[in-house]
Asker: 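There's a structure below that I have some questions on.
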Amino acid sequence: MYRKKLIGPFRQLIPMTGLALKGAIADSQLTILENAGILIKDGDILAISSFEDLAKNSEDVEIQELKGNHTCIPGLIDAHTHICYGGSRAKDYAMRNAGKTYLEIAKAGGGIWDTVTQTRKASKEALIKSTTKLANRHLKNGVTTLEVKSGYGLSVDEELKMLHAIKETNSLVAADLIPTCLAAHMLPKDYDGNQEAYLAEISTKLFPILKEQRLANRIDAFVEESAFSAAQIAPYFEKAKAMGFDITVHADQFSTSGSQVAVDFGALSADHLEASTETEINLLAKSDTIATALPGASLGLGCGFTPARQLLDAGGSLAIASDHNPGSAPMGDLLTQASILGAFEKLSNAEVLAGITFRAAAALKLNNRGRLAKGYHADFIGFHTDYYQEILYNQGNFKPCMVWKNGDLVFDKHS
Ligand code: NIG
Ligand code: FE
């Protein structure tokens, strides 16, 4: 039994090292290693260097030599998804394209509430099955870590069902699933009370169980006119922070105020931001909160993109996530969406790749992935090409041919 593993050579390897967490990045700042190998021990990277040099010193090393041309980047990190749900919202999508707005559909009883009804009907086992399928689809597309939110249960018991389903799915799939509690997604229509009463019930009854059963360490809320106001969410986030949870916010999707809440509470990330103006952009740029663009929601709703270029130029940090959900973002293809955002927002290759690797890792408070260097998880993906620029150039139509998680080959298109 070998103790170490050497994988390579990669014609190009982009380690995403030496790049700042905030601000614009030029492609000229990218480190590009040629004919590199990755030496791995116990799932972590031991060294990255010339494959030839590493292979010379091969005592106790299993060498997995790649044939043909491969370019390697870190495993992708999708920092915002809702892939645990029941049913479909194809009807909503058709209605929107026929002229109804997302908020009109929600007011008429469709939208998020429709998925809540379907998710409540689904057993935990059914949710595990569908979430596993989607997580495996993301894995084939290169996503080795993805966040998954609850938020279609909207009662203590139903949110627990979802979070248990997410936890159990995590033990069945190769990717790491990072759970987030989104019980504050909307006021449940069958709740006999107001927003304040609902949030108080969730924070007093659900939060302690999340801690006890280690179901989630992140609390999210949809701050929006149709969901919860900044004033309503403040005591909820105060309670969450006092209990040691990390905060993340669905902010500025249709109207502003969410990003101010995110910054006030030191949120890890403020996500959506399609409606953000210069005021919110500057606020976020000055803060440590990561701005997470969700181009999949813009494509699903047919609306404008998050002002990613302005956020970066103002000095902010930008992650890019799929928001994969049955309503606003049904596509669920991070690489396609990030490439398209890059074309519309004029983002460099380096900025797009940063947004789906180490900047996304920071939005999840994970400092052990998203870059390829000694001590980081050996999560990386290979594409059949000599040049890294081919990856985004193909706008998502060029998929990875190999995916490694903790040093193990978990997807191989050749086999
Ligand atoms: O991130 N905006 C609120 N929540 C989700 C949509 C959920 C849904 O439509 O089911 C989002 O877009
Ligand atoms: Fe979302």
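Whatever order the structure lists ligands and atoms in, that order sets their numbers, starting from 1.
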Asker: With a 4.0 Å cut-off on heavy atoms, does Glu224 reach ligand 1?
Answerer: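 It does not; every heavy atom stays at 4.0 Å or beyond.
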Asker: May I ask you to decide whether Asp313 forms a salt bridge with Lys346, counting only side-chain N to carboxylate O separations under 4.0 Å?
Answerer: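 The answer is no: the pair does not qualify as a salt bridge.
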Asker: Quick test: of every protein heavy atom, which one is nearest to atom 2 (N) of ligand 1, and how far off is it to 0.1 Å?
Answerer: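 The closest one turns out to be Gln253 OE1, 2.7 Å.
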Asker: Which of the atoms of ligand 1 are close to Arg89, meaning less than 4.0 Å from one of its heavy atoms?
Answerer: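 That gives atoms 8 (C), 9 (O), 10 (O) of ligand 1.
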Asker: Is Lys100 salt-bridged to Asp92, going by a charged N under 4.0 Å from an acidic O?
Answerer: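 The answer is no: the pair does not qualify as a salt bridge.
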Asker: Run the salt-bridge test on Arg369 and Asp176 with the 4.0 Å N-O cut-off and return the result as yes or no.
Answerer: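 Result for this pair is yes, salt bridge flagged.
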Asker: Is the distance between the ring centroids of His70 and His384 less than 6.0 Å?
Answerer: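 Yes.
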Asker: Can you tell me the protein heavy atom closest to atom 4 (N) of ligand 1 and the distance?
Answerer: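 Checking every protein heavy atom, the shortest distance to atom 4 (N) of ligand 1 gives His185 NE2, 2.8 Å.
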Asker: So, Lys241 and Glu238, do they make that salt bridge, N to O below 4.0 Å?
Answerer: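 No.
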Asker: Is His82 close enough that one of its N/O/S atoms sits under 2.8 Å from the Fe ion (ligand 2)?
Answerer: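 Yes.
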Asker: Tell me whether Tyr102 has any N or O atom under 3.5 angstrom from an N or O of ligand 1.
Answerer: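 Yes: some nitrogen or oxygen of Tyr102 is under 3.5 Å from one in ligand 1.
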Asker: In terms of ring plane angle, is the pair His185 and His250 parallel, tilted or perpendicular, where the classes change at 30° and 60°?
Answerer: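 Aromatic pair His185/His250 classed tilted.
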Asker: Could you check whether Phe207 and Tyr236 have their ring centres less than 6.0 Å apart?
Answerer: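 Yes; Phe207 has its ring centre under 6.0 Å from that of Tyr236.
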Asker: What is the NE2(His250)-the Fe ion (ligand 2)-NE2(His80) angle, to the nearest 10 degrees?
Answerer: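 Rounding to the nearest 10 degrees gives 90°.
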Asker: Pull out every atom of ligand 1 sitting under 4.0 Å from any heavy atom of His80, numbered as shown with elements.
Answerer: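 Those atoms are 1 (O).
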Asker: Should you measure from each heavy atom of Phe222, which atoms of ligand 1 turn up under 4.0 Å away?
Answerer: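 The list of qualifying atoms is 2 (N), 3 (C).
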Asker: Using a 4.0 Å cutoff against the non-hydrogen atoms of Ile112, which atoms of ligand 1 qualify?
Answerer: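 Those qualifying, in numeric order: 7 (C), 8 (C), 9 (O), 10 (O).
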Asker: Any side-chain heavy atom of Pro188 sitting closer than 4.5 Å to one from Tyr198?
Answerer: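 With C-beta onward as the side chain, the pair touches.
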Asker: A cation-pi test, strictly: NZ or CZ of Lys211 under 6.0 Å from the centre of the six-membered ring of Phe245 and no more than 45 degrees from its axis. Yes or no?
Answerer: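 Lys211 over Phe245 ring: yes.
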Asker: Looking only at protein heavy atoms, which one is nearest to atom 12 (O) of ligand 1, and how far off is it?
Answerer: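 Answer, as residue, atom name and distance: Ser328 OG, 2.6 Å.
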Asker: What is the closest protein heavy atom to atom 10 (O) of ligand 1, and at what distance does it sit?
Answerer: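 Of every protein heavy atom, Tyr152 OH, 2.6 Å lies nearest to atom 10 (O) of ligand 1.
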Asker: Between Asp323 and the Fe ion (ligand 2), is there a contact where an N/O/S atom of the residue lies under 2.8 Å from the metal?
Answerer: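 True for Asp323.
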